[in-house]
Protein chains: 2
Amino acid sequence: MDFEIIEWKDNTVIMLDQRLLPTEEKYLTLNTYQEVAEAIKNLTIRGAPAIGVAAAMGMALGALHSTAVDYNTFKTEMRSVSSYLYKQRPTAVNLRWGLERMERLIDAGKGLSVPQLKTELINEAKKIREEDIQTNRLIGLYGHAVLDDGDTVLTHCNAGALATAGFGTAIGVVYAAIEAHKKIEVFADETRPILQGARLSAWELKKNNVPVTLITDNMAATIMRQGFINKVIVGADRIAANGDTANKIGTYSVAINARYHNIPFYVAAPFSTIDLRIKHGDQIPIEERDHSEVAVINGKRLCPEGINIRNPAFDVTPAALISGILTEKGILKPPFETAISAHHAESALSS
Amino acid sequence: MDFEIIEWKDNTVIMLDQRLLPTEEKYLTLNTYQEVAEAIKNLTIRGAPAIGVAAAMGMALGALHSTAVDYNTFKTEMRSVSSYLYKQRPTAVNLRWGLERMERLIDAGKGLSVPQLKTELINEAKKIREEDIQTNRLIGLYGHAVLDDGDTVLTHCNAGALATAGFGTAIGVVYAAIEAHKKIEVFADETRPILQGARLSAWELKKNNVPVTLITDNMAATIMRQGFINKVIVGADRIAANGDTANKIGTYSVAINARYHNIPFYVAAPFSTIDLRIKHGDQIPIEERDHSEVAVINGKRLCPEGINIRNPAFDVTPAALISGILTEKGILKPPFETAISAHHAESALSS
């Protein structure tokens with residue numbers, strides 16, 4: 001792919017400014033963890049796996065510029081960097097996952113000097129990025145088994161390369177199928193209010209020569225009824241231990257529509273998106289974002305002043321509507337509780 | 001209500017320019033049937049009942065400015081005016097209904113002079129407008145029986161006063177319930193791509209002091225799951241003899257979501273929206289509008305160039321998902337085929 005999402009380069013973080021897509025492909029150079037935090041908050045970078053990588057790189061920048069000389073001061077400082085980054089987005093569990101992985105390295109590095117720790121943290125952030133791309137390739141490799149040659153896939157929001165360090169999860173499965181010489185087309189929901197489908201999924205699919213058709217979110221049901229859609233694949237921001245999946249607002253509606261039309265509905269996500277501390281979907285915190293995202297498009301207000309507006313950024317699709325979860329360890333099938341805990345036990349043994 | 005949708009005044013048609021709402025409340029003065037046709041096409045006026053009234057008034061303007069002196073020339077001229085108006089929007093049957101009613105008057109007026117016919121046609125157009133408001137009041141009067149005090153109603157697109165000559169159909173039922181001292185709140189789907197919910201429904205509900213909450217279309221399912229919605233009421237652009245209902249794109253998805261959450265789903269429409277010539281929904285022509293409506297908002301393109309876009313303006317909700325059709329003759333219950341033909345037979349007898 002001839003674009004990058006996030007990279008560590010010359011002690012800075014280079015980040016594609018996704019707010020400007022598809023009009024402009026511009027890369028920002030971030031020098032501080034506060035700049036990374038702001039980029040996470042204002043959606044310069046978005047997508048659960050990408051947020052996890054960005055958080056780790058934010059920690060690395062915080063470490064790099066720390067003036068601490070002893071371990072304890074450094075550790076305290078990094079804790080504060082971590083909590084600052086953590087509070088930027090509440091729903092994606094990968095944010096916490098990325099930060100916790102960096103913190104574990106600090107915990108384990110008690111015998112090291114601060115300069116050594118800084119080097120280790122920077123390397124760890126780079127490694128998290130590399131691993132994310134590798135993980136996505138595996139999700140695609142296992143996941144594309146659900147796609148048949150000639151299928152048309154509906155996707156919602158952007159769980160593509162742009163939502164990750166590279167390759168993508170839901171759209172990664174499409175890329176992997178195409179690499180395996182299957183002919184696949186994609187329908188992309190525009191995904192109001194932020195329009196990640198129109199701006200991002202359409203952009204990267206076009207860029208990668210995948211035939212893509214854009215629809216407004218409310219057209220999905222009718223397109224399904226007309227027989228255009230064979231499979232639905234979406235990403236995830238957090239998956240509960242029972243398989244209930246938080247993802248971009250509108251995903252739940254797509255899942256209900258898919259069920260009504262007997263179309264298989266898949267979630268593609270790395271294991272880091274599964275949060276075993278959350279038993280079921282109702283416990284997943286849902287971010288309510290600024291109402292201007294609904295009320296204003298391209299600087300112009302669409303609705304009258306003085307009315308109520310709701311803007312939950314995510315919804316929860318119950319496990320019962322999900323045909324399978326496509327992960328880097330294979331395809332999880334219902335009942336997800338059993339499938340997830342089996343894989344978790346396995347990785348606990350191997351780590 | 002302190003706004004008008006369409007009026008006949010001093011031999012012109014005064015029309016609220018709905019494209020400018022909610023920012024600006026501006027009235028256009030139309031002098032020719034071509035201007036009325038353009039206003040129907042470019043959505044200055046929209047909503048099936050309002051289009052029916054506009055078409056009749058377009059015919060009246062055509063008649064007014066006719067230079068024909070004999071009946072046959074006049075009739076031929078009016079036929080051409082009628083077909084010109086007819087081709088502006090294909091889905092709403094009320095357009096044809098309004099034109100046919102005017103043509104019937106010409107057929108019946110063979111003995112009249114052209115000036116007499118012109119006066120009759122102008123009076124008929126004014127009468128169609130008055131009757132539409134009366135019809136909507138009756139839809140509300142019968143229809144609000146489905147609403148309980150304290151209900152919150154979800155509606156899609158705008159089937160309010162703005163979609164008719166006044167009072168509205170789906171939202172008219174809400175107005176009627178409130179006049180009957182029920183406490184009712186409304187959730188309005190923004191209704192992409194044209195945003196009639198955000199721009200029009202929110203505007204008129206606010207203007208009439210009805211509590212309204214705006215959501216993007218893809219939030220409806222989650223708002224239903226959270227228990228906010230007691231009833232769904234939408235309008236219709238054409239209803240087949242079996243009850244299958246064409247309405248604004250996205251209605252079908254709302255109906256599936258309502259069924260999944262066991263929420264009653266009602267269609268509110270005058271009998272003129274029922275097209276007995278159409279046996280079932282698959283036969284209803286669906287207008288595919290310009291793709292720029294999806295691709296561009298407020299003058300800025302949202303998606304990359306060179307991708308496919310779909311823009312069906314309507315979808316068809318199968319009768320099986322509809323709990324009742326609220327009409328000026330009462331509430332039709334399933335099986336609609338029987339209910340519709342019974343009422344049709346009755347009006348054939350009384351007319």
Side-chain angles (χ1 to χ4, degrees), chain A residues 21-23 156 187-193 195 197-199 202-203 205-207 211-223 225 248-257 259-261 286 291 294-295 297-312 314-316, chain B residues 21-23 156 187-193 195 197-199 202-203 205-207 211-223 225 228 248-257 259-261 286 291 294-295 297-312 315-316:
Chain A
L21 290 176
T23 318
H156 187 74
F187 270 70
D189 279 348
E190 65 172 7
T191 318
R192 279 280 289 147
L195 298 161
R199 297 191 301 108
W203 181 81
L205 286 160
K206 172 80 172 57
K207 197 127 179 159
V212 55
T213 302
L214 177 66
I215 56 173
T216 60
D217 303 303
N218 59 19
M219 289 174 196
T222 230
I223 299 290
R225 188 175 182 89
K248 182 53 55 194
I249 187 72
T251 303
Y252 175 47
S253 180
V254 175
I256 293 169
N257 283 321
R259 173 60 51 92
Y260 188 77
H261 296 96
I286 299 296
H291 292 172
V294 173
I297 304 185
N298 291 336
K300 194 175 159 189
R301 194 173 170 95
L302 308 168
C303 60
E305 301 280 351
I307 59 166
N308 305 314
I309 295 176
R310 287 291 314 276
N311 188 19
F314 304 93
D315 59 26
V316 174
Chain B
L21 291 176
T23 317
H156 188 74
F187 270 70
D189 279 349
E190 65 172 7
T191 318
R192 280 282 286 147
L195 298 161
R199 295 191 303 106
W203 181 81
L205 285 161
K206 171 83 172 55
K207 197 128 178 155
V212 53
T213 302
L214 176 67
I215 56 173
T216 60
D217 304 304
N218 60 18
M219 290 174 195
T222 230
I223 298 291
R225 189 176 181 88
F228 284 107
K248 182 53 53 196
I249 187 70
T251 303
Y252 176 47
S253 179
V254 175
I256 294 169
N257 284 320
R259 174 59 51 93
Y260 188 78
H261 296 96
I286 299 296
H291 292 173
V294 173
I297 305 186
N298 291 336
K300 195 175 158 189
R301 194 173 168 93
L302 308 167
C303 60
E305 300 280 351
I307 59 167
N308 306 314
I309 295 176
R310 287 290 315 276
N311 188 19
D315 58 27
V316 175

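Computed from a prediction, not measured in an experiment: that's the story for all the values here. Chain A is the first sequence line, chain B the second, and so forth, proteins listed ahead of strands; every chain is numbered from 1.
- In this structure the side chain of Thr222(A) reaches within 4.5 angstrom of the side chain of Ile249(B), judged on heavy atoms.
- Here the closest non-hydrogen pair linking Ala198(B) and Pro304(A) is O-CD, 3.3 Å.
- Note that OG1 of Thr23(A) is 5.0 Å distant from NZ of Lys300(B), once rounded to the nearest 0.5 Å.
- Under the 3.5 Å distance criterion, with hydrogens and angles disregarded, no donor-acceptor pair is assigned to the side chains of Ser253(B) and Asn218(A).
- Two residues are said to be in side-chain contact when any heavy atoms from C-beta on lie closer than 4.5 Å; His261(A) and Ile256(B) meet this criterion.
- Ile223(B) places a side-chain heavy atom less than 4.5 Å from the side chain of Arg310(A).
- For a residue to count as touching a neighbouring chain, one of its non-hydrogen atoms must lie under 4.5 Å from one of that chain's; by this rule Ile297(B) touches chain A with backbone and side chain alike.
- Here the side chains of Arg199(A) and Cys303(B) are not in contact, with every heavy-atom distance at 4.5 Å or above.
- In this structure, chain A has heavy atoms under 4.5 Å from both the backbone and the side chain of Asn311(B).
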Practice prompt. Under the side chain to side chain contact (heavy atoms under 4.5 Å, CB included) rule, what do Leu214(A) and His291(B) come out as? Steps first, then yes or no, please.
Written response: CA-CA 10 Å; Leu214(A) 177 66; His291(B) 292 173; over 6 Å; no
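- Smallest separation of non-hydrogen atoms from Gly306(B) and Lys206(A): O-CE, 3.3 Å.
- When atom types are taken as modelled, the side chain of Asn298(B) and the backbone of Asn298(A) share no donor-acceptor pair closer than 3.5 angstrom.
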